[in-house]
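A short write-up of the structure that comes next.
Quick note: residue numbers are just sequence positions, from 1.
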Amino acid sequence: MNARTDEEQIETLKRFVQEYGSKLLLALLAAIASLFGYQSWQSSQQAAQETASIYYSELSMLASSETALDEQQRNRFDEVFARLAKEYPGSTYASYAAFYKASLEVKGNALDEAAKTLRWVLDNNPDKNMVALARLRLARVELARDNLAEAQALLENDAGALAPLYEHVRGDIYLQQGEQQKALLAYKKAQSLAGDTPTMSASLLEMKIGTLDTAGNDKVFRKADPADAQ
């Protein structure tokens, strides 16, 4: 009785292997290939991150120099940035490097180039926080270029955590248009959104509010300086 049962089980196993064995083998091979493929993908992603990080480190060191870049240094910056932007355009490293590039361009009064660089971030980075920061900086550049409508349009988008700074720049736009009351309201809104955090921007905001809130509002701020753009 037991011997027959064992023989039946063996026969059943043989039939199962004959019928499904090749399919199981293929499934096993596919799983192994998928595992190795995933590990290979992980390795390539890590290598890409490391390469992008190396590019960015060099760019940040150049951009953080206390002295103006000489021609050779600037050419090197542009060369490395072009490589980073081409190979890893949607990376955080590329966007932050673009912010450095735009800052250098603003310092050199190359506002047209700075605007192009910041628009590049808008076109290539899907991260909403990064995009919000790029819009803020671009709005400042457009304000410095006297493109007030473009600057205002950029601030109509979601600001996220940058809402106080968006309102601050909106106030600057109103002020440049000669609408001092609207500017004052925007500055006060920016101050309210920012809370009690002591920052350089908060001190500047307080000064602007104090100046505009005087009787007669007869004081006029200077026109937007390109140096304020970054």
Side-chain angles (χ1 to χ4, degrees), residues 52 55-57 59-66 68-69 74 77-78 80-82 84-85 88-177 183 186-187 189-191 193-194 197 199-205 207-208 221-230:
Y55 288 157
Y56 175 75
S57 294
L59 292 171
S60 63
M61 286 179 62
L62 286 168
S64 301
S65 173
E66 294 182 2
L69 300 185
R74 187 52 199 266
F77 184 98
D78 291 341
V80 176
F81 177 78
L84 176 58
Y88 312 103
S91 69
T92 300
Y93 289 117
S95 292
Y96 276 124
F99 290 149
Y100 277 130
K101 184 173 184 290
S103 180
L104 290 174
E105 288 162 344
V106 167
K107 288 177 182 177
N109 203 31
L111 298 183
D112 292 349
E113 292 304 313
K116 289 179 184 177
T117 300
L118 292 169
R119 288 195 182 279
W120 180 88
V121 178
L122 297 181
D123 292 338
N124 286 277
N125 198 302
D127 181 79
K128 66 177 183 179
N129 295 321
M130 194 69 71
V131 167
L133 179 57
R135 286 194 181 113
L136 174 67
R137 295 193 174 193
L138 181 55
R140 287 172 173 163
V141 169
E142 296 296 5
L143 174 59
R145 296 167 76 203
D146 272 335
N147 295 331
L148 304 187
E150 288 86 343
Q152 185 68 51
L154 287 162
L155 300 177
E156 297 304 321
N157 294 279
D158 181 21
L162 298 176
L165 295 175
Y166 269 50
E167 288 300 325
H168 192 156
V169 177
R170 185 175 282 113
D172 290 342
I173 294 171
Y174 284 136
L175 195 63
Q176 194 148 314
Q177 291 173 328
Y187 290 147
K189 184 175 180 180
Q191 189 178 55
L193 289 170
T197 306
T199 63
M200 185 180 297
S201 178
S203 299
L204 180 59
L205 195 58
M207 182 272 289
K208 290 180 179 180
F221 291 103
R222 61 179 171 79
K223 184 178 178 181
D225 191 314
D228 296 335
Q230 297 303 306

| request: Go through Phe99 and Leu133 one step at a time and tell me if the side chain to side chain contact (heavy atoms under 4.5 Å, CB included) criterion holds. | output: CA-CA 9 Å; Phe99 290 149; Leu133 179 57; 3.4 Å; yes
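- Taking 4.5 Å as the limit, every side-chain heavy atom of Tyr187 sits out of range of all side-chain heavy atoms of Tyr174.
- Residue pairs meeting the ring-ring contact (aromatic ring centres under 6.0 Å, His included) criterion with at least one member in residues 112-164, sequence neighbours excluded, are Phe81-Trp120.
- Contact check for Tyr96 versus Tyr56: side-chain heavy atoms found under the 4.5 Å cut-off.
- Of all heavy-atom pairs spanning Ala97 and Leu84, the tightest one is CB-CD2, 3.7 Å.
- Looking at Asn157 and Tyr166, their side chains never bring a donor and an acceptor atom within 3.5 Å of each other.
- For the pair Arg145 and Asp112, the minimum side-chain heavy-atom distance is below 4.5 Å.
- Here the side chains of Leu175 and Lys208 are not in contact, with every heavy-atom distance at 4.5 Å or above.
- Side chains of Leu138 and Val121 form no contact here, defined as non-hydrogen atoms less than 4.5 Å apart.
- Checking each of Ser95, Ser91, Pro89 against Asn124 for a side-chain contact (heavy atoms from CB on, under 4.5 Å) leaves exactly one that passes, namely Pro89.
- Pro164 and Ala190 get closest at one heavy-atom pair: O-CB, 3.2 Å.
- Not counting sequence neighbours, Asn129 has no partner by the side-chain hydrogen bond (donor to acceptor under 3.5 Å, both in side chains) test.
- The minimum heavy-atom distance linking Glu167 with Leu193 is given by the pair CG-CD1, 3.9 Å.
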| Trace of the side chain to side chain contact (heavy atoms under 4.5 Å, CB included) decision for Leu62 with Leu104 | CA-CA 10 Å; Leu62 286 168; Leu104 290 174; over 6 Å; no
| query | Could you go step by step and tell me if Ser64 and Tyr100 meet the side chain to side chain contact (heavy atoms under 4.5 Å, CB included) rule? | reply | CA-CA 9 Å; Ser64 301; Tyr100 277 130; 4.1 Å; yes
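- The two residues Gly171 and Ala183 have their closest heavy-atom pair at O-CB, 3.3 Å.
- Between Lys101 and Asp78, none of the side-chain N atoms (NZ, or NE/NH1/NH2) sits under 4.0 Å from a carboxylate O, so this pair counts as no salt bridge.
- A salt bridge does not link Arg135 with Glu156: every distance from a Lys NZ or Arg NE/NH1/NH2 to an Asp or Glu carboxylate oxygen is 4.0 Å or more.
- Between Arg140 and Asp172, no side-chain nitrogen of the basic residue sits less than 4.0 Å from a carboxylate oxygen of the acidic one, so the salt-bridge criterion is not met.
- Interatomic distance, Arg137 CZ to Leu154 CG, rounded to the nearest 0.5 Å: 14.0 Å.
- Salt-bridge annotation for Asp123 and Arg119: absent, with no side-chain N of the basic residue lying under 4.0 Å from a carboxylate O of the acidic one.
- Atoms CD and CG, on Glu105 and Leu111 in that order, are 9.5 Å from each other to the nearest 0.5 Å.
- Between Ser60 and Ser57, the shortest heavy-atom contact is OG-O, 2.9 Å.
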| query | Are Glu142 and Leu148 close enough, and set up right, to give a side chain to side chain contact (heavy atoms under 4.5 Å, CB included), and what steps lead you there? | reply | CA-CA 7 Å; Glu142 296 296 5; Leu148 304 187; over 6 Å; no
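- Contact between Gly90 and Pro126 at its shortest, heavy atoms only, is O-CD, 4.2 Å.
- Shown here are the salt bridge (charged side-chain N to carboxylate O under 4.0 Å, His left out) partners of Asp127, two or more places apart in sequence or in another chain: there are none.
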